[in-house]
Amino acid sequence: MPAVPENLKARFRKWDAKGRPPQEAFKWKKKNWQNYLGSYSILETLPNPIDRAAVLESFKLVRDTDSALDAYIASYLWGYAKANFGPYRADRVIRLNTDPENGKDFAAELHTLAGIAMNDGGTAAFEHVVSERKNDRKFFDQWGPAFATKFISFATKASSRVETTPIMDSIVAEWFSEHCKEIGPLWLTWYSASSYLRYTECTAEWAEELDIEPEQVEQLIFGAD
């Protein structure tokens with residue numbers, strides 16, 4: 001794997017000098033989310049502002065399909081806290097992937113995905129989606145890796161059985177294209193798990209060298225210079 005890029009080293013030194021603070025919490029517009037997802041009680045329990053720790057608590061409670069769907073909403077809300085179109089997109093994914101008459105049960109598929117991530121790891125969870133998409137291109141329709149890896153990351157973090165895998169989104173992919181061309185492009189698609197595998201292996205190696213967790217590498221990349 002490539003050596004730790006100088007840009008990441010600089011971010012680490014700056015973060016370390018500040019006492020390694022956690023990522024900031026994000027304020028969210030509760031009314032906007034209730035307009036689309038008001039039937040879900042999870043909106044009444046999530047704090048405002050919301051941070052990673054709050055989302056993680058939702059994943060620690062995943063026991064069945066309903067709690068898996070709650071965790072999905074929590075991760076989506078956190079990821080889209082600053083965007084007014086977040087509630088619409090979260091609701092759209094649920095609607096497009098829920099059709100009992102045709103055997104589509106999004107909550108059940110989320111529960112399965114969380115179980116794979118918690119027991120077999122993030123890469124296995126990603127590969128599961130890739131495999132399902134080969135059989136059905138509408139599987140997890142309109143729910144791409146940028147947000148699905150948020151779900152996967154929190155699921156692995158909530159488990160004591162696997163290593164935590166970091167989030168791979170457009171910000172991360174763009175950073176790698178500028179600061180770590182050796183690893184090759186990171187494609188945010190379900191066609192293959194190769195990008196996610198290269199990314200998680202790389203962040204794990206850098207985390208070991210910096211003596212931090214892989215998700216902290218991702219947080220450093222996500223943050224401003």
Side-chain angles (χ1 to χ4, degrees), residues 22-100 103-119 122 125-126 128-129 132-133 138-159 164-172 188 190 215 218-219 222:
Q23 187 179 12
E24 65 176 312
F26 304 120
K27 290 184 178 180
W28 53 285
K29 296 179 180 179
K30 187 174 182 179
K31 185 176 181 180
N32 286 0
W33 286 86
Q34 288 177 324
N35 286 340
Y36 287 92
L37 299 166
S39 63
Y40 298 99
S41 59
I42 184 68
L43 295 180
E44 299 300 327
T45 63
L46 292 174
N48 194 359
I50 188 170
D51 60 8
R52 288 187 185 235
V55 179
L56 179 60
E57 289 304 309
S58 295
F59 279 82
K60 289 180 178 179
L61 297 175
V62 172
R63 298 290 185 273
D64 52 27
T65 58
D66 287 342
S67 53
L69 190 56
D70 282 346
Y72 159 84
I73 292 172
S75 64
Y76 223 106
L77 189 152
W78 171 77
Y80 264 131
K82 294 183 176 182
N84 289 330
F85 53 80
Y88 162 75
R89 290 195 173 182
D91 177 61
R92 179 181 62 173
V93 171
I94 295 173
R95 287 186 288 102
L96 289 175
N97 294 284
T98 303
D99 185 359
K104 296 182 69 172
D105 188 336
F106 186 53
E109 294 295 351
L110 286 173
H111 188 223
T112 296
L113 184 66
I116 295 172
M118 291 176 173
N119 290 294
F126 197 102
H128 166 74
V129 181
E132 291 294 328
R133 292 272 295 187
K138 292 295 186 178
F139 183 80
F140 284 165
D141 193 15
Q142 298 300 313
W143 195 41
F147 268 81
T149 58
K150 290 176 173 62
F151 185 93
I152 291 171
S153 179
F154 281 111
T156 58
K157 183 70 173 178
S159 174
T164 302
T165 51
I167 297 165
M168 186 178 75
D169 62 10
S170 59
I171 293 175
V172 168
L188 296 172
W190 291 122
E215 71 267 27
E218 170 251 310
Q219 291 174 51
F222 188 81

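Computed from heavy atoms alone, side chains included, the values below leave out hydrogens, waters and symmetry copies.
- Closest heavy-atom contact between A155 and M118: O-CG, 3.2 Å.
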>> For L46 and W28: C-alpha separation, side-chain torsions, deciding distance, then whether side chain to side chain contact (heavy atoms under 4.5 Å, CB included) applies.
In response: CA-CA 10 Å; L46 292 174; W28 53 285; 4.1 Å; yes

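- When side chains are defined from C-beta on, L110 does not count as touching V62, because their heavy atoms never get closer than 4.5 Å.
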Would you tabulate the side-chain donor-acceptor contacts of residues 70-79 under 3.5 Å, counting partners in other chains and residues two or more places apart, or write 'none'?
{"residue": "Y72", "atom": "OH", "partner": "A90", "partner atom": "O", "Å": "2.9"}
{"residue": "S75", "atom": "OG", "partner": "A71", "partner atom": "O", "Å": "3.3"}
{"residue": "S75", "atom": "OG", "partner": "Y72", "partner atom": "O", "Å": "2.8"}

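- Counting heavy atoms from C-beta outward, W33 and N48 have side chains that stay 4.5 Å or more apart.
- Residues H128 and T112 form a side-chain contact, since some pair of their non-hydrogen atoms from C-beta on lies under 4.5 Å apart.
- In this structure, the side chains of T149 and D169 stay at 4.5 Å or more apart for every pair of heavy atoms.
- Not counting sequence neighbours, the partners of Q34 by the side chain to side chain donor-acceptor pair (under 3.5 Å) test are E44.
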Tell me which donor-acceptor pairs under 3.5 Å the side chains of residues 82-89 have, and how far apart each pair is, sequence neighbours excluded?
{"residue": "N84", "atom": "OD1", "partner": "K29", "partner atom": "NZ", "Å": "3.4"}
{"residue": "R89", "atom": "NH1", "partner": "Y80", "partner atom": "OH", "Å": "2.6"}

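- The heavy-atom pair separating I152 from G122 by the smallest distance is CG2-CA, 3.6 Å.
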>> If you apply the rule side chain to side chain contact (heavy atoms under 4.5 Å, CB included), what do you find for E109 with E132, and how did you get there?
In response: CA-CA 10 Å; E109 294 295 351; E132 291 294 328; 5.5 Å; no

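- Remark: K157 is not positioned above the aromatic ring of F154, lacking an NZ or CZ atom under 6.0 angstrom from the ring centre and at most 45 degrees off the axis.
- When each of F126, F140, F139 is checked for a ring-ring contact (aromatic ring centres under 6.0 Å, His included) with W190, only F126 meets the rule.
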